[in-house]
**Q** 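Have a look at this one.
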There are 2 protein chains.
Amino acid sequence: MTISEENYIKVIYHLAQVSPKGVSTNAIAGTLDTKASSVTDMLKKLADKNWVSYQKYQGVSLTESGLQKAKMIVRKHRLWEVFLVEKLGFAWDEVHEIAEELEHIQSEALISKLDDFLGFPTVDPHGDPIPNAKGEMVKEERIVLSEAPLHQAYRFIGVKDSSAGFLQYLDKQQIALGATIIIQEREDFDASLSVLINDKVLSLSQKIAENLFVKQG
Amino acid sequence: MTISEENYIKVIYHLAQVSPKGVSTNAIAGTLDTKASSVTDMLKKLADKNWVSYQKYQGVSLTESGLQKAKMIVRKHRLWEVFLVEKLGFAWDEVHEIAEELEHIQSEALISKLDDFLGFPTVDPHGDPIPNAKGEMVKEERIVLSEAPLHQAYRFIGVKDSSAGFLQYLDKQQIALGATIIIQEREDFDASLSVLINDKVLSLSQKIAENLFVKQG
DNA sequence: AAATAAATTTAGGCAAATCTAAAAATAGTT
DNA sequence: AACTATTTTTAGATTTGCCTAAATTTATTT
Ligand SMILES: [Mn+2]
Ligand SMILES: [Mn+2]
Ligand SMILES: [Mn+2]
Ligand SMILES: [Mn+2]
């Protein structure tokens, strides 16, 4: 499998979370910053190799073997992210691009030993689940803060947007994974929230709140 | 710089250690397991980018900037090898191929943090020196055991051949880096050696002895 | 100094991954 | 239902890295 094929498979996997019926050519092109015609070419190739099922004009979805491939790439990506943050001391907003390269290193033995070295982590630095060697992962029950009821204690367990900009904003506000959040008030006008985060009062715009995953307790 | 270009530059660097006047097209083709005509194509490209100086039929040598590039690739290769052995628990005969891929990961910050994490090692698991961020490395004074005088105490500090086969042979004989070696006798007939390694008697063929780097003391 | 052998380069081609421009299919809108 | 806009695919090129076969240059023998 080439690096390019792997990148396509992974993008289709991620986009399929939102569009389970079929991922569009344009959506893939947008994510990979390439042209729709290039995507069409690649989809034919991926279909030939039986990693996606594809019918002209109808979008694609991963086959069982494509799904398995995708999960292994995601597994590698997230394990490397844990390594970069936990062992090398990178900040959580610095690791994505590097992991984007590291995820393509082939060796099975390497990933298995890395997993062991890291203590078999179940989530990456952004709160995303890490598939195990079989592709299984626990999908933690989680909701976005913007839709959570008031006056309940939540724990901040993941980000929806993991762009450097957003992560740096959270750093600046000292909002870190694991923080306790209680919504005190939701403004009718702009849906912004007044929250208590680790006992400090903060105001969060709707844009921010809908990118924070929380769970009860 | 593409992965292919990096592989060529690194091979030219290694071959130049043995042929400082100029590396031949065939030597490169042999090492990279590719055809001479492909090498010629690439040499033109590398010359255009000023990483090698190349004249038809006369072989190539690295330019100053090519040499610097080569050292950085070697640096990455050897640092990753240290990581794989010291942190992940790979054996010294298992790491070369994996490092062959890892050496192409781009991030400067990654290598700098990895170097720090590993405690700024100066040699890799095979005893080869690791260039620092500026490309400087200490070249330890060393000789091959096959040419060393009798009855002196040497320390085993590196291998000339670092193929898995040779390394596994050394493992089997329990000859590890750092071992003390004293030559007791050299056979006239086949130049084989009778040696004392960590106080155990062993017989080494010339083929073995000429692939062991040692230093006095 | 020829003749032969070996090394190297050139010529022409191929596959992967991309692009632009044009054509075709689908979706949305009067 | 017909028209328009959007999405997607096709056609034709380009670049990179590689190949085979043939030509050329350099090295080695007679
Ligand atoms: Mn990637
Ligand atoms: Mn992540
Ligand atoms: Mn390599
Ligand atoms: Mn090594």
Side-chain angles (χ1 to χ4, degrees), chain A residues 1-13 15-16 18-62 66 69-70 73 100-101 103-106, chain B residues 1-13 15-16 18-62 66 69-70 73 100-101 103-106:
Chain A
M1 213 173 185
T2 68
I3 289 176
S4 198
E5 286 170 345
E6 289 193 346
N7 283 332
Y8 273 90
I9 289 288
K10 196 184 64 166
V11 163
I12 294 167
Y13 171 78
L15 292 173
V18 192
S19 324
K21 319 151 207 169
V23 175
S24 79
T25 300
N26 265 358
I28 298 169
T31 310
L32 282 175
D33 200 30
T34 185
K35 296 295 146 93
S37 57
S38 305
V39 174
T40 301
D41 282 350
M42 182 59 92
L43 293 184
K44 288 177 189 166
K45 203 187 315 176
L46 296 177
D48 282 348
K49 298 186 177 178
N50 265 301
W51 294 321
V52 301
S53 52
Y54 165 63
Q55 282 156 240
K56 274 191 190 187
Y57 297 102
Q58 303 309 132
V60 272
S61 52
L62 294 174
K69 295 266 184 204
I73 301 163
E100 202 59 42
E101 289 188 58
E103 73 190 359
H104 302 291
I105 304 292
Q106 291 302 329
Chain B
M1 213 173 185
T2 68
I3 289 176
S4 198
E5 286 169 344
E6 290 194 345
N7 283 332
Y8 273 89
I9 289 288
K10 196 184 64 165
V11 163
I12 294 167
Y13 171 79
L15 292 173
V18 192
S19 325
K21 320 150 206 171
V23 175
S24 79
T25 301
N26 264 358
I28 298 169
T31 310
L32 282 175
D33 200 29
T34 185
K35 294 297 145 91
S37 57
S38 305
V39 174
T40 302
D41 282 350
M42 182 58 93
L43 292 184
K44 288 177 189 165
K45 204 188 313 175
L46 296 177
D48 283 349
K49 299 187 176 178
N50 264 303
W51 294 321
V52 302
S53 52
Y54 166 62
Q55 283 157 239
K56 274 192 190 185
Y57 297 100
Q58 304 309 131
V60 271
S61 53
L62 294 174
K69 295 266 184 202
I73 301 163
E100 203 59 43
E101 289 186 59
E103 72 190 359
H104 303 290
I105 304 293
Q106 291 302 330

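Below, chain A is the first sequence line, B the second, and so on; all start at residue 1. Note that the structure is predicted; figures quoted are calculated from it, not measured.
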**Q** To the side chain of B/Tyr57, which of C/dT18, D/dT24, C/dT10 is closest?
**A** D/dT24
**Q** Identify which nucleotide among C/dT10, C/dT18, D/dC18 has an atom closest to any side-chain atom of B/Lys44, counting heavy atoms from C-beta outward.
**A** C/dT10
**Q** In whole angstroms, how far is the P atom of D/dT8 from the CG atom of A/Asp41?
**A** 15 Å
**Q** Measuring from the side chain of B/Tyr8 (C-beta onward, heavy atoms only), which nucleotide among D/dC18, C/dT8, C/dC19 has the closest atom?
**A** D/dC18
**Q** Just the rounded figure in Å: distance from C1' of D/dT16 to CG of B/Leu46.
**A** 13 Å
**Q** Would you kindly give the CD1-to-P distance between B/Ile3 and D/dC18, to the nearest whole Å?
**A** 11 Å
**Q** So, are A/Lys10 and A/Glu103 salt-bridged, with charged N and O less than 4.0 Å apart?
**A** yes
**Q** Grab the CG-P distance between A/Asn26 and D/dT8 for me, whole Å please.
**A** 4 Å
**Q** Rounded to the Å, how far apart are A/Gln55 CD and C/dA25 C1'?
**A** 15 Å
**Q** Does a side-chain N or O from B/Lys56 land closer than 4.0 Å to OP1 or OP2 of D/dT24, or not?
**A** no
**Q** Considering just the side-chain nitrogens and oxygens of B/Thr34, establish if one lies under 4.0 Å of OP1 or OP2 belonging to D/dC19.
**A** yes
**Q** Are side-chain heavy atoms of A/Val60 and A/Tyr8 found at a separation under 4.5 Å?
**A** no
**Q** Can a donor-acceptor pair be found, under 3.5 Å and without considering hydrogens, that links the side chain of A/Glu101 to the backbone of B/Gln106?
**A** yes
**Q** Grab the OH-C1' distance between A/Tyr54 and D/dT10 for me, whole Å please.
**A** 10 Å
**Q** Checking only heavy atoms, does the side chain of B/Ser37 share a donor-acceptor pair with the base of D/dT20 at less than 3.5 Å?
**A** yes
**Q** Using a 4.0 Å heavy-atom cut-off, does A/Ser38 contact any base of the nucleic acid, only the sugar-phosphate backbone, or nothing at all?
**A** base
**Q** Determine the contact category for A/Thr40: base if any of its heavy atoms lies under 4.0 Å from a base atom, sugar-phosphate if only primed atoms, P, OP1 or OP2 are that close, otherwise nothing.
**A** base
**Q** Rounded to the nearest angstrom, tell me the gap between atom NZ in A/Lys35 and atom P in C/dC19.
**A** 6 Å
**Q** Give, for atom NZ of A/Lys56 and atom NZ of A/Lys44, the distance between the pair rounded to the nearest 0.5 Å.
**A** 7.0 Å
**Q** Send over the distance from B/Ile28 CD1 to C/dT8 P, rounded to a whole Å.
**A** 9 Å
**Q** How far apart are the closest heavy atoms of B/Leu62 and B/Ala70, and which atoms are they?
**A** CD1-CB, 4.0 Å
